[in-house]
Number of protein chains: 2
Amino acid sequence: MPRIALRPENAQQAQLLRLLRGNGPHSRAELGEAVRLSRSKLANELDRLIEQGFVESGGFAASRGGRRSSIVRLSDSIRFAGIDIGATSVDVAVTNGELEVLGHRSAEVGVHRGPSAVLDVALDLLGKLRAEGTAPDVHGAGIGIPGPVSFRDGVPVMPPIMPGWDQYPVREAMSHELGVPVQVDNDVNLMALGEHQAGVARSVDDFLLVKIGTGIGCGIVVGGNVHRGVSGSAGDIGHIQIDENGPPCACGNSGCLEAYASGTALARDAMAAARAGRSTHLAELLEHAEALTAADVTEAVAAGDPVAVQLLRSGGHRVGQVLASLVSFFNPGLVVVAGGVAGAGHSLLAEIRSAVYRRSLPLATGNLPIVLSELATAAGAVGGARLISDQVFSVPRGAEER
Amino acid sequence: MPRIALRPENAQQAQLLRLLRGNGPHSRAELGEAVRLSRSKLANELDRLIEQGFVESGGFAASRGGRRSSIVRLSDSIRFAGIDIGATSVDVAVTNGELEVLGHRSAEVGVHRGPSAVLDVALDLLGKLRAEGTAPDVHGAGIGIPGPVSFRDGVPVMPPIMPGWDQYPVREAMSHELGVPVQVDNDVNLMALGEHQAGVARSVDDFLLVKIGTGIGCGIVVGGNVHRGVSGSAGDIGHIQIDENGPPCACGNSGCLEAYASGTALARDAMAAARAGRSTHLAELLEHAEALTAADVTEAVAAGDPVAVQLLRSGGHRVGQVLASLVSFFNPGLVVVAGGVAGAGHSLLAEIRSAVYRRSLPLATGNLPIVLSELATAAGAVGGARLISDQVFSVPRGAEER
């Protein structure tokens, strides 16, 4: 198979590639119907895609009464990489052209160690996955970063928990290293794309994904695409102010959503409860550690500790309060709740639901599922593969037929 | 000129029509470059558009060195109607194919008089405009309604201030009456489209238009199109709750944005100030009327009454508070402030700006103009013409070349 360093030549080819990505192998007859091309024009475009190594032909579809139509599929050698950089770990997945995960590895590494160290870990994981796989080349990589990103420039922009990353040329560095197209986005946007590609949002084109982890962010999908806003900061809901007299936030303001409901806020409140003797369970956990974490709260919730349950509910209530406004404003078809704190389970979700359903307009909540993420830790990496496949399977700017 | 009861036959024709709508007459050479069609293919498509009466050919462009290229333009007989139904008045505009307003009339009529009475007034105004004009036929009408609308069905849905309108088949009735395509939308969405077409948002594809009138609503434009949400209620921000212990709202809840900052709330607070003797100016106005209105507050502001200025500022602060969250969430490129209360001027705008710039993320407000509407009362009618021209100048569903 030839190495693919190409992009489709026109909108029809791009559309064919995306159809094959989303729905697997097709007969030529089915493709012709789906893209409304004449038989000869379709044959031309498919021949070009086969020459370029994007597509392969093989086998025949069951007869529908006439000559049997031959099957085409994305080339078996196409590989995309998704790299999800978290606050404390890196996840790498390799997929085929249809974005099925063929291999997935992760490693612990603190994002505070800086871009070279963290990206080296990612490259190392990717190298292992490539060595294991049947097709060693990847044709593009999508990278998620736990902070604000200039999507256009492929660089982090003043990410609060990532010393050394501000303006670091992640896209350029990784594209140079791998020799293939790379895109960089906020991790929450990639999680939303991942759930849209292969998770709970699969059939939904307008939805929100709220990630509650160390911080709180929101991925916005409009018409099947991520809405990033004019400066790429859309979805930064963690610093929406709930109460100007509320608790201080790491950002310097007071009463931000994150100051109430993030993993960091939960850990802070859990420590206070433990020290004040309000929860023996949390106090015991604190005896064996320097500090409590959101994961400790989750554990205490699982063990039935009423104070921990109350902390989680109170956080859920605050998230629901903000979400209620956003649901009235945006009228999404689905809300997905994701992130480490969301893993704590249904008491959080119940509070979020109750606040949203009570406060948003009936027209906006009449048919609004609020559900947990399905892909959990894989969502970001799958979203990364989806992101870069969107680019590789599109017509380069300038060559576009409008 | 033949009567147009047609739609373009394919995506290229639709694109040509929209180019001519947005940018006026073009030479064939310019059109060919803009749509990337070969000369013969372009000539074919233009011939079809001329046969159908969409386009006319005439005159020659200045030579660019070779044979002079002939000019094409939208047919001079194309007319669109925009009908903006407000709480107390109806505005009707007739435009040409390029959406230039050729005639504009309005009449006072309370929306509470019910759909037949109000739509009759609109038809009457439109009849007069048609009689005055050189081309009597309209080829489509876009209608704005001051309440929630099911865009898909073309009917109002439980509009709070519109007794008798719930589920009334406005689109069907008007389309039957006029014999042309009709679309019905929320008035705020149409104002946003109007400002995008011909006003302050002309070059901006992602923006919010906030209307502060009797009620408060928001039009959301994403990528140049109105975002309506899955049930068509996107932008209904009037009942976002600011404080659960706030003043009662007409909707039955407490502390909604409208309960603080709508024209209705301003009038209520102005009456209280007049009765309590806090403003002699407002008290004098109240002596000559049964009740004060938002327009009285506006007048008092213009006269320099400090209490009225304070009321307006306080409303602006509340609007800014909600907008700050929406700006962080959506990251628009522009915020347009419109509606009767917005007419009161710059102290309102100053408060909104100060609240948004102080509370939203720096990345989202770094380059965010917050400006007053430019078209004022004509915005809705222009938006109506734009809305229906989008439909008339598009390929009917099912015939689409995807």
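By convention in this document, chain letters (A, B, ...) are assigned in the order of the sequence lines, proteins followed by strands, and residues within each chain are numbered from 1.
- Contacts between B:V157 and chain A at a heavy-atom distance below 4.5 Å involve the side chain alone, from C-beta outward.
- Between the side chain of B:N331 and the main chain of A:G232, a donor-acceptor pair closer than 3.5 Å is present.
- Contact count versus chain B (heavy atoms, under 4.5 Å) is highest, among A:P332, A:G223, A:S231, for A:S231.
- The most heavy-atom pairs under 4.5 Å with chain A, out of B:C218, B:A234, B:P148, come from B:A234.
- Side chains of A:S328 and B:D236: a donor-acceptor N/O pair is absent below 3.5 angstrom, by distance only.
- The aromatic rings of A:F329 and B:F330 lie perpendicular to each other, with more than 60° between the two planes, well past the 30° mark.
- Of the inter-residue distances, the one linking B:H227 atom NE2 with A:I220 atom CD1 reads 9.5 Å to the nearest 0.5 angstrom.
- The structure places CZ of A:R358 at 8.0 Å from CD of B:Q241, a figure rounded to the nearest 0.5 Å.
- A:S325 and B:I240 get closest at one heavy-atom pair: OG-CG2, 3.3 Å.
- Contact annotation for A:Q321: neither backbone nor side-chain heavy atoms come within less than 4.5 Å of a heavy atom of chain B.
- Within the 4.5 angstrom heavy-atom criterion, only side-chain atoms of B:L208, from C-beta onward, approach chain A.
- If you take CG on B:L326 and CD1 on A:I237, they are separated by 12.0 Å, rounding to the nearest 0.5 Å.
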